[in-house]
Amino acid sequence: LAKTTQPISMDSYEGQEVNITCSHNNIATNDYITWYQQFPSQGPRFIIQGYKTKVTNEVASLFIPADRKSSTLSLPRVSLSDTAVYYCLVGESNTGNQFYFGTGTSLTVIP
Amino acid sequence: ETGVTQTPRHLVMGMTNKKSLKCEQHLGHNAMYWYKQSAKKPLELMFVYSLEERVENNSVPSRFSPECPNSSHLFLHLHTLQPEDSALYLCASSHGLAGPSYEQYFGPGTRLTVT
């Protein structure tokens, strides 16, 4: 079971790029890396997923080094509405595999 | 907001009560999940159903009893709960078999308070 470690909290000013790193030293060969965003009193929302190198979509980029023992979620030009908790999730698709959301990173965007 | 709905949104119950939480997904997904989120704690996976078969139990106390009558509906039956069971209970679904590599769609959650 690949557990994850993230910073507990981060602050950023509006308009800046924010990078949140997740450590997953025990990641297995078949594990994917997935990031979710959660606002207070709401369910998490999928942001991005990757297996290796770099993935980019309309809201974020995900950087994964060759050893895959960590990953970095990059949010370009954050706004106040990006204030949320961001979770890194690591696991594979096999039925019955446990997965672990971790404590998440609470991002606060400052005006 | 999403294709996953949960009812009720808020529930207050005594320790001797029996209640049920309901989750419904309109996305045609094959897997459904129950999570518990306590204050300032990470999401805890409670139960997973894939094609209506339970996959993971994760040592959840027997006072929580899941039921998945079909791939669109998931219930969590509650009885003789403890105050520490007060939390946000989240339901999620995903396409394909259960597992973290599939994008999960979460419902808004049920805020449960046990008095």
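Each chain gets a letter, A, B and so on, in the order its sequence line appears, and its residues count up from 1.
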Handout entry: A:I8 atom CD1: more than 12 heavy-atom contacts under 6.0 Å
Key =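 Open.
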Handout entry: Contacting region of A:S106 [heavy-atom separation from chain B under 4.5 Å]
Key =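 Neither part.
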Is there a path of hydrophobic side-chain contacts, each under 4.5 Å between heavy atoms of I/L/V/M/F/W/Y residues, joining [Y] to [X]?
X     : Y     : answer
B:L81 : B:V60 : yes
A:I64 : A:V59 : yes
B:M15 : B:Y89 : yes
B:F75 : B:L21 : no
A:F39 : A:I47 : no

Problem - Pairwise distance OG(A:S41) to CZ(B:R9) - rounded to 0.5 angstrom - result: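 It is 8.5 Å, given to the nearest 0.5 Å.
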Which answer fits [X], side chain, backbone, both or neither, if we ask what part of it has an atom under 4.5 Å from a heavy atom of chain A?
X     : result
B:E44 : neither
B:L43 : both
B:R54 : neither

Restricting to non-hydrogen atoms, name the atom on [X] and the atom on [Y] that form the minimum distance, rounded to 0.1 Å.
X     : Y      : value
A:Y87 : B:Q37  : OH-NE2, 3.0 Å
B:L88 : A:Q42  : CD2-O, 4.5 Å
A:Y36 : B:Y102 : OH-O, 3.9 Å

Exercise for the section: Measure the shortest side-chain to side-chain distance between A:L89 and B:Q104 over non-hydrogen atoms and say whether it is less than 4.5 angstrom. Expected result: yes
